[in-house]
Amino acid sequence: MEASIESSGRDSISDAFVKASDTDVQDITCIDKKSFTCDVCGKEYSQKHNLLRHLRSHTNEKPYSCDICNKKFSEKCHLKEHYHKHTNEKPFSCETCGKKFSRTNDLKVHYRTHTKEKPFSCDTCGKKFAHKIRLTIHIRSHTNEKPFSCDTCGKAFSDKTNLKQHFLSHTNEKFYSCNTCGREFYRTCDLNRHFRTHTNDKPFSCNICGKKFSYKSSLKIHIHVHTSKKPFACDTCGKEFSQESSLKPHFLTHTNEKFYSCNTCGKEFSRKSNLNRHFHIHKN
C-alpha cells in the first residue's frame, strides 16, 4: 500500500531553519564543520537535518499525517511504520522468540523482556523501568500529580489507563471475567489479582524472611513487621498501627459506629473479626 504523506502548515518552523542563514538561526550553533548542537538541551548532531528533526521534540511539531486516521507524527519513518497497523503488517520479528511487531520501537521494547534491561531510572528513589512511560507515571507518585480526571465523578488518576478502566464503574460494564468461577471485573489487573485465589500463586516475597504473598500491597504491609514502623496513626488518640486495615476498625471505637450485624440475632459489631467470632455462638 502506497501511502500519501501530508505536510501540515506547521512545516514553517522547519522551513525557517533550512532557509535561514547561520547567523539567522538561533536554535542551531555550528561547533565545527561536522557538528551541530541544540541550544535548548545541548544534544549534538553531525548533520544539520538531524538537528532539525530533533528540534521538533521541543516544538512538538508533527508535519506528517496519516491519510487514513489523521494521526500526526514528527518523523516520516514513524508514519511509515504506523501504516502497518492499518495493513496489519508485522515486518519486525524478535530473534529470540519470533514474536512479530509492526514498529521497530515496539520490537526494541520487547527485547527488554528477554534481557531484563531497565534503562529508565527515577531520580528521586532510583527505581528502574523498562518503559519510559512507566517511569513518567511513577514520577507522579512523588509529585502526587494526577492529570487525568473523571468527567462523571471528578476522581483523578496519574495514569490514563486507570481513568479509562475507572469509567467502566459508572457504565457498569465488566469486560474481564474469570474462566474458573465466572466473576467479572472492570480491569485486567483486578482479574489477574483475583486469579491468584484459584492458583494460590504468591509472586511477591520478603527479602528479609522469605515469606511470600499473593499481593504486592500485602508484602508492603508485612515489611513493617521487620522495621517496627507504624505509619498509620489515629487522629483522636494517637495510637499507631502498621496496617491501615487495623486503623479503620479502631477509629470506630471512638465514633461508636457498628457496621457489622449478625443475620441471626441482629447484634452489631464495630469490627468484622468480632462478628465472625460471634457466629460461633450460633453454630454451637
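Just so it is clear, the structure is predicted and the values come from calculations on it, not from any experiment.
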For [X] versus [Y], what's the shortest heavy-atom pair and its separation?
X    : Y    : value
Y83  : D67  : OH-OD1, 2.8 Å
G126 : S121 : O-CB, 4.3 Å
G238 : A233 : O-CB, 4.4 Å
Y64  : E75  : CD1-C, 3.6 Å
S93  : G98  : CB-O, 4.2 Å

Tell me whether [X] shares a hydrophobic cluster with [Y], the cluster being built from Ile, Leu, Val, Met, Phe, Trp, Tyr side chains joined at under 4.5 Å.
X    : Y    : result
Y215 : F195 : no
I208 : F204 : no
I68  : L79  : yes

[X] side chain near [Y] side chain, heavy-atom distance below 4.5 Å:
X    : Y    : result
F269 : H278 : yes
H110 : C97  : yes
S205 : K211 : no
K216 : P203 : no
H86  : C66  : yes
C94  : L107 : yes
C153 : H170 : yes
R140 : T136 : yes

Task: side-chain contact (heavy atoms from CB on, under 4.5 Å) between C262 and E268, intermediate numbers included - done: CA-CA 6 Å; C262 175; E268 296 180 334; over 6 Å; no
Q. Does the pair T37 and K43 meet the rule for a side-chain contact (heavy atoms from CB on, under 4.5 Å), with working shown?
A. CA-CA 6 Å; T37 184; K43 199 169 184 179; 6.0 Å; no
In terms of side-chain geometry, is the basic nitrogen of D159 or R134 positioned less than 4.0 Å from the acidic oxygen of its partner?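 Counted as a salt bridge, because a side-chain N and a carboxylate O are separated by less than 4.0 Å.
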* I would like to know whether H58 and C38 meet side-chain contact (heavy atoms from CB on, under 4.5 Å); could you show each step before the answer? => CA-CA 10 Å; H58 300 299; C38 173; 3.5 Å; yes
Spatial distance of atom [atom1] ([X]) from atom [atom2] ([Y]) [nearest 0.5 Å]:
X    : Y    : atom1 : atom2 : answer
R183 : S177 : CZ    : OG    : 12.5 Å
K127 : K118 : NZ    : NZ    : 8.0 Å
N105 : S102 : CG    : OG    : 10.5 Å
D106 : K90  : CG    : NZ    : 9.5 Å
C150 : K164 : SG    : NZ    : 14.0 Å
R112 : F120 : CZ    : CZ    : 4.5 Å

* To do: Show your working on side-chain contact (heavy atoms from CB on, under 4.5 Å) between H54 and S57 and close with a plain yes or no.
  => CA-CA 6 Å; H54 161 76; S57 65; 3.7 Å; yes
> Is there a donor-acceptor pair under 3.5 Å between the side chain of S214 and the backbone N or O of D201?
Replying inline: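 Yes: the side chain of S214 pairs with the backbone of D201.
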**Prompt:** Counting only N and O atoms by type, is there a donor-acceptor contact under 3.5 Å from the side chain of S74 to the main-chain atoms of E61?
**Reply:**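 Flag not set: sc S74 to bb E61 has no pair under 3.5 Å.
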E81 and T104: CA distance, side-chain angles, deciding distance, side chain to side chain donor-acceptor pair (under 3.5 Å) verdict:
CA-CA 8 Å; E81 288 187 355; T104 52; 2.8 Å; yes
- Residues, nucleotides or ligands: over 12 heavy atoms within 6.0 Å of Y111 OH: yes
Practice item. Report yes if the distance between the aromatic ring centroids of F185 and H194 is under 6.0 Å, otherwise no. Key: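 So the answer is yes for these two rings.
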**Prompt:** Stepwise, does the side chain to side chain donor-acceptor pair (under 3.5 Å) test hold for Y176 with N192?
**Reply:** CA-CA 10 Å; Y176 310 101; N192 293 335; over 6 Å; no
